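Before any comments, here is the structure.
These numbers come from a predicted model, not from an experiment.
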Amino acid sequence: MAAGRPRIPAQRPVTDTLLDLGTGACLRLAASTDPREVDRTLLAALHGEIERAGQRGWQTSEMVRAVRREHSARHSRLVTGPEPLPEWADRNGLDRVTAIESMVQVLRLLTSMPRVGPVSPAPAGEPGRQLLDRVRGLLAEAEGTDDAEIAEARTLAAQELLRENTGDGRTGGRRIAVDNPYEQPKAQLLRAVAAANGCHAVWMQEFGLVDVTGPVTGLYATELLFGSLLAQAARAMNLIDSKSRTVRQTFLTAYAERIADRLGAPTEFKISG
């Protein structure tokens with residue numbers, strides 16, 4: 001390589017060669033006299049970091065979601081189909097510098113993902129058909145009314161029925177997405193529902209996920225009730241005259257606190273750092 005040109009020795013760890021690159025370093029890489037070495041290193045790094053994130057418990061769909069949330073859908077496609085830099089740049093209409101920066105951004109995010117627990121299969125914890133039909137019927141009534149008292153009563157009745165689903169004592173985990181707008185009160189609501197069903201919830205704020213662990217029956221109940229309560233909250237917010245984001249945020253926070261109180265769940269919420 002010509003004197004003064006950047007070089008990435010293949011034997012050096014990825015974290016020592018790529019993850020601290022800024023715009024200037026990417027520009028120098030783009031000007032390298034041996035771009036093939038840069039391309040090989042980036043592609044190998046992507047494959048390696050995707051594999052390591054998987055070993056730390058992350059599912060591919062979760063990696064894709066995290067990258068799309070932080071950057072763009074274009075970036076997220078590097079997770080599902082890593083390809084050599086020139087091909088990826090051409091496919092996305094990018095110049096070489098922008099393509100390098102994009103790949104480095106994805107690498108940074110992948111390496112920041114902490115170890116997480118395994119995710120239980122979706123059907124795990126599902127109650128018997130008869131009980132499930134009753135629960136879904138109650139939740140459908142709750143979601144279909146503008147009367148807050150009726151909605152609350154039907155939801156609490158569904159919660160009590162789900163408590164009858166004792167299961168076989170297995171424990172597991174789920175990661176449930178919470179997105180803006182109103183990310184914090186949504187996470188607070190989910191935490192309350194999880195606690196009421198014997199589960200522990202940690203908000204992974206950077207990734208827009210809540211990591212929920214506990215009995216598989218509780219995990220199933222948490223997902224089912226949280227989805228219904230979100231639908232109920234959205235219906236209730238549509239009745240508010242104001243379209244102010246602040247007003248709606250305040251409403252949803254109060255809603256989460258009221259549900260937590262009715263479920264007998266604590267209101268504090270742990271946020272992962």
Is it the case that N197 and Q159 place a side-chain donor and acceptor less than 3.5 Å from each other? yes

What distance separates N92 CG from L78 CG, expressed to the nearest 0.5 Å? 7.5 Å

Hey, does the side chain of R248 reach the backbone of S242 with a donor-acceptor pair shorter than 3.5 angstrom? yes

Quick one: OG1 on T217 to CD on E164, what's the gap to the nearest 0.5 Å? 12.0 Å

Sub-4.5 Å side-chain heavy-atom contact between Q205 and Q184: no

Residues R163 and E160 bridged, charged N to O under 4.0 Å: yes

Closest non-hydrogen atom pair, A221 against L162: CB-CD1, 3.8 Å

Distance, nearest 0.5 Å, that separates CE of M113 from CZ of R52: 14.0 Å

Under 4.5 Å between any side-chain heavy atoms of V247 and M237, yes or no? no

Enter the distance from I100:CD1 to R96:CZ here, rounded to the nearest 0.5 Å. 4.5 Å

Start with the C-alpha gap between I50 and L110, add the side-chain angles, then the distance that decides, and say whether side-chain contact (heavy atoms from CB on, under 4.5 Å) holds. CA-CA 7 Å; I50 291 167; L110 290 172; 3.8 Å; yes

What's the shortest heavy-atom distance between S112 and E206, and which atoms? OG-OE2, 3.8 Å

With R136 via salt bridge (charged side-chain N to carboxylate O under 4.0 Å, His left out) - residues at least two apart: none

Sequence-distant partners of H71, ring pair (Phe, Tyr, Trp, His ring centres under 6.0 Å), two or more places apart: H75

From E223 CD over to E126 CD, what is the distance, rounded to the nearest 0.5 angstrom? 11.5 Å

Does the ring of W88 carry R77 above it, NZ/CZ under 6.0 angstrom from centre and within 45° of its axis? no

Are L189 and I240 grouped together when hydrophobic residues (ILVMFWY) are joined by side-chain heavy atoms under 4.5 angstrom apart? yes

In terms of hydrophobic clusters joined by side-chain contacts under 4.5 Å, are I176 and V119 together? no

Considering all heavy atoms, the nearest L46-P82 contact: CB-CB, 4.4 Å

Specify the closest pair of heavy atoms between A192 and A260, including all atoms of both residues, with the distance to one decimal. CB-CB, 3.6 Å

Result for side chain to side chain contact (heavy atoms under 4.5 Å, CB included) between L85 and one of L43, L42, D90 points to L42

Quick check: closest heavy atoms across M63 and G54, and the distance to 0.1 Å? CE-N, 3.6 Å

Between Y220 and P127, what is the shortest heavy-atom contact and its length? CE2-CD, 3.4 Å

cation_pi(R191, F226) dist<6.0 Å, angle<=45: no

So, taking the atom named CG in L139 and the one named CG in L225, what distance separates them when rounded to the nearest 0.5 Å? 5.5 Å

Pairing residues for R154 by the salt bridge (charged side-chain N to carboxylate O under 4.0 Å, His left out) criterion, not counting sequence neighbours: E141

Just wondering, do D146 and R235 contact through their side chains at under 4.5 Å, heavy atoms? yes

Please step through side-chain contact (heavy atoms from CB on, under 4.5 Å) for the pair T246 and Q249, ending with a clear verdict. CA-CA 5 Å; T246 300; Q249 172 99 4; 5.6 Å; no

Is it the case that E143 and S228 place a side-chain donor and acceptor less than 3.5 Å from each other? yes

